[in-house]
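Note sheet for the following structure.
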Amino acid sequence: MSKFGDLIAGTVTTTEETPVVETPVVEEVVAEVPPVETVPPAPPVEPVETEVSIDYGAMSKDELEDYGRTVGIELDRRHNKKKLIKELEDHTKGI
């Protein structure tokens, strides 16, 4: 039988002692961290309100639909352009 078969069967006994190896103890060295300089907070910035005027009349129905998606509304191109513009204006007034 092979040595592996003998090991599984339990017929091999070892007379050698396994040497015990002690693992070395490593002490962790902690470096001192320099103090962090405090920076005064920046003055608050007032929001700038800009009113962007968009000429819906110059846009095609496809462009109106694409713009509507950017502002969070889905327009139906089957409606006429005047109705699409009204829906966009109503939606953007609520924003």
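Position 1 is the first residue of the sequence; numbering continues from there.
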Taking only residues two or more places apart in sequence, or in another chain, which ones meet E87 in a side-chain hydrogen bond (donor to acceptor under 3.5 Å, both in side chains)? none

Only counting residues at least two apart or in another chain, list the ones meeting side-chain contact (heavy atoms from CB on, under 4.5 Å) with T38. none

Partner set under side-chain hydrogen bond (donor to acceptor under 3.5 Å, both in side chains) for E74, not counting sequence neighbours: R69

Could you tell me which non-hydrogen atom of L75 sits nearest to which non-hydrogen atom of L64, and how far apart they are? CD1-O, 3.4 Å

Nearest-0.5 Å distance, CG of residue L84 to NZ of residue K61: 6.0 Å

From E63 CD over to I54 CD1, what is the distance, rounded to the nearest 0.5 angstrom? 11.5 Å

Any side-chain heavy atom of Y67 within less than 4.5 Å of one from T70? yes

Which residues share a salt bridge (Lys or Arg N to Asp or Glu O under 4.0 Å) with K81, sequence neighbours left out: none

Would you find a donor on one side and an acceptor on the other, under 3.5 Å apart, between the side chain of D76 and the backbone of H79? no

Using the side-chain hydrogen bond (donor to acceptor under 3.5 Å, both in side chains) criterion, which residues pair with D55? Sequence neighbours excluded. none

